[in-house]
Structures are given as structure tokens and as C-alpha cells.
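Since the structure comes first, as C-alpha cells, the remarks are kept for the end.
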Amino acid sequence: KQKTAYEIRNCDWSSDVCSSDLAASYHEVQFLESRPIGRKGGAMPNAYTGPNKLMIGGEWVDGVKGQTIDVLNPYDASKITAIAEATAEDVDRAVAAAKAAFPAWAKMAAHDRGALMLKLADAIEARTDEFVALEALDTGHPVMDARRLDVPRTVLCFRYFGGMADKLQGDVLPVDAGFLNYVKREPIGVVGHIVPWNFPLMFTSWKLDRKSTRLNSSHSSVSRMPSS
């Protein structure tokens, strides 16, 4: 049965019934007036209007060369937004900022690092609708998938490693009598990673929280780059 524009506009996309019944991304019904695929009367955005600069040293900044990259809708190649282009010089700036932040992060108590991860998970969950819309718009994922997989799995991943931060255990290795051999975890330094295009939000959580809570050192400073 084909849903009418009114039915889709007033559908609660948080419900299993609506998602499984329609089982479509907003792209598949974008011919409807104002692309009304949001939750109960809300409309799925046609474009992104949030920050579009580089996050370096805790601030949104332009790229060194001042150039931008158009982000296109994978369905119809329409422009979603334009973001600052990161060049080699910008990568160097990000690494330098991560190195500067590293000493304080490395000295932070494990339970405090875990608390920050849990706080981040709560913040993402509180803005679920926004992230669902952005993931569908940017990657072409069905809204059902973004709501059931991308966003909740991101939240769960941060919560899992947030809870693990102060529960890491070491090993005492058996050696000759009179000697004690144990593993001491120490910070390793700045870690960079590239996030694939198909699950950017979820893959960011897979890489970021592991680096921030464990990864050999127990705590690292991270510089993140998109795949394209």
C-alpha cells in the first residue's frame, strides 16, 4: 500500500511499525511536498546548516588555503553544504593541537575519562533525530537504518568504552623466584585515523572511544580525518 503525503508527514519515525511499513529513506519519497519525512509533522532537511569548518584545538577554523569542498546528496547529487577543505598544512595543525592536548588527557584519571565518554553518549542520544536526519541525508541510508543502527550503535559504543575506562587490568607474569614482572600501561601519544564514507558516525565511535580508553596506552590523543 502506498502511503499518502499526509500519512508519511505524520508518521512517527521512532516507531517500528512506521519504519518497517515504509522501509524507505527520505530519498525514496522526496517527491512529496517539502520532503516530509521527519517525526510527526517535522520535515527532513534538504541541506545542512550547522558548522562547516575544521575542528582544530577545540575551535572551528577555516582551512589554511581557504578552500571548500561541496558535499553532495548521493541520491540526486544536489548540494547539501560546503565544508572547509583540509590540506596537509591543516593536518599538521590538527596533529600539533592533539600533541598539545595530550599531556593533560594522559594524566586524567581513568574514571574521569570514562565520565566524558558517557557524557558524549548522552549528548548524542539527546539529539537522535538530528543525527538520523543527517546520516540519511549524507550517506543515503534509509531512515529506518539510521534510527535503528547508526545512531543507537554509536551511543552504545561510547557507553561501553566509557564504562570500561576504569576497569582495565594488567597481568603479573610468572618469572624466576625473587623477581616481579608486570605490565605498566603508559600513554602512547597522538593517534590519527580515517573514517570511511559509508558509516561515518558509527565508525567514528568505533575508532575514537577505543583510542581514548584503551589502545595499548590506556589513553591517547586523536586526530580524525574523513575518507574524502
Side-chain angles (χ1 to χ4, degrees), residues 45-108 112-113 116-117 119-121 123-124 127 130-131 133-141 146 150-151 153-155 157-158 161-162 165 185-228:
N46 297 332
Y48 171 70
T49 57
N52 57 3
K53 297 183 179 183
L54 305 175
M55 171 60 73
I56 299 179
E59 298 180 354
W60 293 108
V61 297
D62 291 316
V64 171
K65 296 184 177 180
Q67 299 176 344
T68 61
I69 300 175
D70 288 343
V71 180
L72 305 180
N73 185 320
Y75 172 77
D76 58 8
S78 60
K79 182 177 177 180
I80 299 174
T81 188
I83 60 175
E85 180 181 17
T87 61
E89 293 88 343
D90 297 303
V91 174
D92 290 340
R93 286 198 298 165
V95 171
K99 287 183 177 179
F102 175 69
W105 181 253
K107 294 178 181 178
M108 184 180 295
D112 288 332
R113 285 186 281 111
L116 289 176
M117 289 291 163
K119 184 177 180 180
L120 178 57
I124 294 173
R127 300 174 68 176
E130 180 180 350
F131 281 110
L134 289 176
E135 285 294 279
L137 187 68
D138 184 43
T139 67
H141 288 183
D150 299 39
V151 178
R153 289 296 177 181
T154 297
V155 172
C157 197
F158 277 116
F161 284 98
R185 298 180 182 274
E186 295 180 342
I188 193 173
V190 176
V191 177
H193 62 253
I194 298 175
V195 177
W197 62 270
N198 51 344
F199 286 91
L201 179 63
M202 190 162 58
F203 283 1
T204 294
S205 71
W206 290 7
K207 295 171 180 289
L208 180 60
D209 47 24
R210 287 165 171 78
K211 305 284 192 303
S212 299
T213 57
R214 340 180 36 223
L215 193 64
N216 300 329
S217 63
S218 298
H219 22 269
S220 304
S221 185
V222 180
S223 178
R224 174 187 173 274
M225 298 296 292
S227 60
S228 61

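Remember, it's a predicted structure, so these values are computed and weren't measured experimentally. What you see below is based on every heavy atom in this structure, not just the backbone, and it leaves out hydrogens, waters and symmetry mates. For the single chain, residues carry numbers from 1 onward in sequence order.
With His141 contributing its side chain and Phe199 its backbone, the two residues share no donor-acceptor pair below 3.5 Å.
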- Task: Show the numbers, then the answer: is there a side chain to side chain contact (heavy atoms under 4.5 Å, CB included) between Thr81 and Thr49?
- Result: CA-CA 7 Å; Thr81 188; Thr49 57; over 6 Å; no

- Query: Please walk me through it: do Phe203 and Asn198 pass side chain to side chain contact (heavy atoms under 4.5 Å, CB included)?
  - Reply: CA-CA 9 Å; Phe203 283 1; Asn198 51 344; 3.7 Å; yes

- Evaluate side chain to side chain contact (heavy atoms under 4.5 Å, CB included) for Met202 paired with Glu135, printing each intermediate quantity in order. CA-CA 10 Å; Met202 190 162 58; Glu135 285 294 279; over 6 Å; no

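Contact between Cys157 and Ser205 at its shortest, heavy atoms only, is CB-OG, 3.7 Å. Nearest heavy-atom pair across Val95 and Val190 is O-CG2, 4.3 Å. Counting all heavy atoms, side chain and backbone alike, Ala97 lies closest to Ile56 at CB-CG2, 4.0 Å. Of all the heavy atoms in Val61 and Lys53, the pair that sits closest is O-CB, 3.1 Å. In terms of heavy atoms, Thr139 sits closest to Pro74 at C-CG, 3.7 Å. Between Leu116 and Met108 the shortest heavy-atom distance is CD1-SD, 3.8 Å.
The shortest distance between side-chain heavy atoms of Phe158 and Ile124 falls below 4.5 Å.
For the ring-ring contact (aromatic ring centres under 6.0 Å, His included) test, no residue two or more places apart in sequence or in another chain qualifies with Phe131.
Separating the CG atom in Leu134 from the CG atom in Leu201 is a distance of 9.0 Å, to the nearest 0.5 Å. Between the CG atom in Leu208 and the CG atom in Leu120 there is a gap of 7.5 Å [rounded to 0.5 Å]. Distance check, rounded to the nearest 0.5 Å: OH of Tyr75 to CG of Leu137 gives 13.5 Å. Distance CG/Leu54 to CG/Asp62: 7.5 Å, rounded to 0.5 Å.
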